[in-house]
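Data block below; observations after.
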2 protein chains.
Amino acid sequence: MYSIGDLSRRTGVKIPTIRYYEQMGLIEAPERSEGNQRRYEKRELERLAFIRHARDLGLSIEAIRDLLALSEHPERPCGEADRIATEHLASVREKIARLRKLESELERIVACHGDHTIGDCYVIRALADHSMCESEH
Amino acid sequence: MYSIGDLSRRTGVKIPTIRYYEQMGLIEAPERSEGNQRRYEKRELERLAFIRHARDLGLSIEAIRDLLALSEHPERPCGEADRIATEHLASVREKIARLRKLESELERIVACHGDHTIGDCYVIRALADHSMCESEH
DNA sequence: GTAAACACTCCAGCGACTATAGATATGAGG
DNA sequence: CCTCATATCTATAGTCGCTGGAGTGTTTAC
Ligand SMILES: [Zn+2]
Ligand SMILES: [Zn+2]
Ligand SMILES: [Zn+2]
Ligand SMILES: [Zn+2]
């Protein structure tokens, strides 16, 4: 039996976040002590570790909910789980692509170091005028 | 004189967003028509275009507020503006680095395509066990 | 004059937490 | 058993940058 604090220390998930996950339906409402405090089993510790890891990998609460539901049925085919992960990978790649464009625009923009005034600062002028950019964003 | 709708069409910033920027102090409260509708000058159109472009480049409202304040003083040195842009570039680079790590973990995880069940799905097992990962995240 | 299009304010919601406030429970030492 | 520090409880509000809706009033074109 773990208290919510034990669970928090063991998984690195903050206490309010654990309660939030319960509210969001990622973990079931656990048993309670006589004084109404949450008491968890090992099962729930593992479930929370799964959630934590999936969050660290950037999966949404929604996706994690689906993955947890799938993992309750070990005999079923895993196409859906693979699809969720693949889609997530695609979205990570999109984000990277977008950020790389920003990176190169910003590199160009900040290249104007030196002693000068706001009036002729390339940063300010570049921000005021998208036509100086090399790509859309 | 532009109505809020004109401004919106010309800058691509949605109407509620323009009002939000006003509330956030990025643009001043403009004059009003007799019937209390906002009426903008060209100055404000340019200011909003600046904001839009800076947002597209990922700058925070806070940073944009500072940049706008700086741009009111063309005679001052531009070190601060350069610093804001440089810091932002650094944060974009950090994001890219983090996402690249995720990308490579996810690539490894989704490599398990094929006909199999949830019970032996690598996606599910990898999410349950961070020790199968090659880096921290 | 009338109708369509536009704009007003206020407020709620998104996602994924995080942080308070004020009350109650638990557990270890005496 | 009592005290007290620590832990936990609920409920609510705040974060960021918008976005949408309800319900009402204004402008404009015909
Ligand atoms: Zn400069
Ligand atoms: Zn641009
Ligand atoms: Zn699989
Ligand atoms: Zn991992």
Side-chain angles (χ1 to χ4, degrees), chain A residues 1-27 29-40 44 48 50-68 84 87-88 91-92 95 98-99 102 137, chain B residues 1-27 29-40 44-45 48 50-68 87-88 91-92 95 98-99 102 137:
Chain A
M1 287 298 221
Y2 306 101
S3 71
I4 197 168
D6 294 337
L7 219 62
S8 173
R9 272 183 295 280
R10 278 161 200 268
T11 59
V13 178
K14 289 189 184 154
I15 290 173
T17 306
I18 298 174
R19 292 196 275 247
Y20 170 75
Y21 288 160
E22 183 182 323
Q23 232 184 296
M24 293 301 101
L26 292 192
I27 48 188
E31 287 173 36
R32 299 285 183 129
S33 71
E34 287 203 0
N36 197 37
Q37 299 191 355
R38 289 169 180 79
R39 291 294 177 263
Y40 298 94
E44 286 145 308
L48 187 56
F50 182 102
I51 295 168
R52 167 85 213 255
H53 194 210
R55 283 297 299 134
D56 284 348
L57 286 163
L59 285 149
S60 70
I61 297 283
E62 177 85 15
I64 296 171
R65 205 194 332 260
D66 292 349
L67 287 168
L68 285 166
I84 290 170
E87 265 180 25
H88 179 54
S91 92
V92 167
K95 270 187 200 129
R98 240 179 312 121
L99 286 171
L102 291 197
H137 13 242
Chain B
M1 286 298 220
Y2 307 101
S3 72
I4 197 167
D6 294 338
L7 221 63
S8 173
R9 272 183 296 278
R10 278 159 200 269
T11 59
V13 178
K14 290 190 182 153
I15 290 173
T17 306
I18 297 174
R19 291 197 275 246
Y20 170 75
Y21 289 160
E22 182 182 323
Q23 232 184 295
M24 293 301 102
L26 292 192
I27 47 188
E31 286 173 36
R32 299 285 182 129
S33 72
E34 288 202 1
N36 197 36
Q37 300 192 355
R38 289 169 179 79
R39 290 294 177 262
Y40 298 95
E44 286 146 307
L45 179 65
L48 187 55
F50 183 101
I51 296 168
R52 167 85 213 254
H53 194 210
R55 284 295 301 135
D56 283 349
L57 285 163
L59 285 149
S60 70
I61 297 284
E62 177 84 16
I64 296 171
R65 204 192 334 258
D66 292 351
L67 287 168
L68 286 166
E87 264 180 26
H88 180 55
S91 92
V92 167
K95 270 188 200 128
R98 240 180 310 121
L99 286 171
L102 289 197
H137 15 240

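Naming: A, B, ... by sequence-line order, numbering from 1 per chain.
- Between B:Glu34 atom CD and D:dG25 atom P the separation is 18 Å, expressed in whole Å.
- Counting to the nearest Å, the C1' atom of C:dT9 and the CD atom of B:Glu22 are 12 Å from each other.
- Of the possible polar contacts, none joining the B:Asp66 side chain to the B:Ala63 backbone as a donor-acceptor pair under 3.5 Å is found.
- Rounded to a whole Å, the CD1 atom of A:Ile18 is 12 Å from the P atom of C:dT18.
- What separates OH of B:Tyr2 from P of C:dA7 is a distance of 14 Å, to the nearest Å.
- For the pair A:Ser33 and C:dT26, the criterion of a side-chain N or O lying under 4.0 Å from OP1 or OP2 is met.
- Not a single donor-acceptor pair under 3.5 Å links the side chain of B:Arg10 to the backbone N or O of B:Leu45.
- Every residue two or more places apart in sequence or in another chain was checked for a side chain to side chain donor-acceptor pair (under 3.5 Å) with B:Arg55, and none qualifies.
- Atom CG of B:Leu7 is separated from atom P of C:dC8 by 11 Å (rounded to the nearest Å).
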Practice task
Do nucleotides 8-17 of chain D as a string where each nucleotide becomes B, S or -: B if the base has a protein heavy atom under 4.0 Å, S if just the sugar-phosphate does, - if no protein is that close.
Solution key: SSB------B
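- Residues A:Arg65 and A:Leu68 are not in side-chain contact: their nearest non-hydrogen atoms beyond the backbone lie 4.5 Å or more apart.
- Among residues at least two apart or in separate chains, salt bridge (Lys or Arg N to Asp or Glu O under 4.0 Å) pairs with a member in residues 14-23 of chain B are B:Glu22-B:Arg38.
- Between A:Ile61 and A:Tyr21 the shortest side-chain heavy-atom distance falls below 4.5 Å.
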